There are 2 protein chains.
Amino acid sequence: MTSVEHSPLTRKLSAFVALTKAELAVLDRLHKRRRIFRAGHDMVHQGQSAQTAFILYEGWVCSYKLQADGTRQIVDVQVPGDFLGLRSVLLRTSDHSFEPIVDIEAVEVRASDLLEAFAQTPRLATAILWAASRDEAMVVEHLVGIGRRDADVRMAHFLLELGARLALVGMGRAEGFDCPLTQYHLADTLGLSAVHVNRTLRQLRERGLVTFRDGHVRFHDHQGLVDLAEFDPAYLDQTGPLLT
Amino acid sequence: MTSVEHSPLTRKLSAFVALTKAELAVLDRLHKRRRIFRAGHDMVHQGQSAQTAFILYEGWVCSYKLQADGTRQIVDVQVPGDFLGLRSVLLRTSDHSFEPIVDIEAVEVRASDLLEAFAQTPRLATAILWAASRDEAMVVEHLVGIGRRDADVRMAHFLLELGARLALVGMGRAEGFDCPLTQYHLADTLGLSAVHVNRTLRQLRERGLVTFRDGHVRFHDHQGLVDLAEFDPAYLDQTGPLLT
């Protein structure tokens, strides 16, 4: 990681803004504090006063909220290039917990780092606000999914979204992607039971649409899945730089 | 509106950052294009390529998504000081529709206005990122509510959240607030039927907790409602400026 020119965050922000050399250098300086976190050990606890965010460099994380009754709602999963707890650096307490799904590498970012970077290049502030807006658009899709979509549509939509997000940072291919999520993660994300997740995945496989097995998602009929999910990737806004 | 020193947005951002005279002046310049929108007429349609956001100055708005089957999920309601479609100014298409619930006054903001403001004062960029983060935290609460909370808890949580948001911009009192939402708005927000909303409100009233009638929410037992909802306002992060 001597240069971040091709870091996942850089790839992602490049979908919004054509980054100049100076802006790449500012992004580079944001990447100075690398840290490793182990799978299954929370990075940030709900209610913790953190003032620190992370940029995920390698691996997968899920962000979740625990209810007082012990049930867990996964709010989103994060893949390389995503911020973890951008809110925790600005809000006084974290409203989430973050759990690495596999061993991960992440870069620590403090509020002062962000202020300094924004002072140097206001376009970077806009790009990070773009990324935060896109994160919110995904949470909105999950809200609509849980509120209004059937289990098979919800699952199809989520897998297609993951595929598109990974493709943006160079980790997905048209035919599928590697995915360390378990059926328990899928259940807590989609508001289903693990048994229901299992049945839903079997149905999607038997209909020849998609297989999720042994840590790999394989699209057999991508267009069929898009049709089922009524998946319109416009909310991911990743069709090329808007600011040049 | 000759000065925005006490505009709802200024009041709101002041909970995060102690604004200097120069920053107030930049906020002032953001407020130059005032517009009136009539109740019931959408301001921005889902899928519209807008590149324009609004700052709500007076009145209430709801943001929603229509599903292909015609059902509507209200993602959030906006009150004075809130951005409408901050995402639309950065993402290429709007992933929401916005409907004024009453006649409203809003200020138009373009991407170029934001870039100019951020260049003049990077602290303002951080403050607006804070506001966007807070908006996302609210959507997360609604997601958890729909995914994991019973109808009475969901309703109690939403009414307490509204009360706290309005108090921040000087529009709520400890004993309650004026609220133009109908039972249909509440139903589409909370993922309930209108009949279920009606029954839930009656139960909360009969338990002596809260009354919502004739456009007014009255808290009879605020602490009792907080206990029922397990409402912790930390995610609204409005306890005083963090950046001084």
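Since the structure is predicted, the reported quantities are computational estimates derived from the model, not experimental observations. Each chain gets a letter, A, B and so on, in the order the sequences are listed, and its residues count up from 1.
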Nearest 0.5 angstrom please: A:His142 NE2 to B:Ile146 CD1, how far?
14.0 Å

Can you name the closest pair of heavy atoms from B:Leu143 and A:Val75 and give their distance?
CD2-CA, 4.0 Å

Quick one: what part of A:Arg72 sits under 4.5 Å from any heavy atom of chain B, side chain, backbone, both or neither?
backbone

Which pair of heavy atoms, one from B:Ala132 and one from A:Leu129, lies closest together, and at what distance?
CB-CD1, 4.0 Å

Against chain B, label A:Asp135 side chain, backbone, both or neither, depending on which of its atoms sit under 4.5 Å from a heavy atom there.
both

If we define contacts as heavy-atom pairs under 4.5 Å, which of A:Ala117, A:Ala119, A:Ala125, A:Gly191 has the most with chain B?
A:Ala119

For B:Glu136 and A:Val139 the tightest heavy-atom approach is OE2-CG2, 3.5 Å

Can you tell me how far apart OG1 (A:Thr126) and CG (B:Leu114) are? Round to the nearest 0.5 Å.
7.0 Å

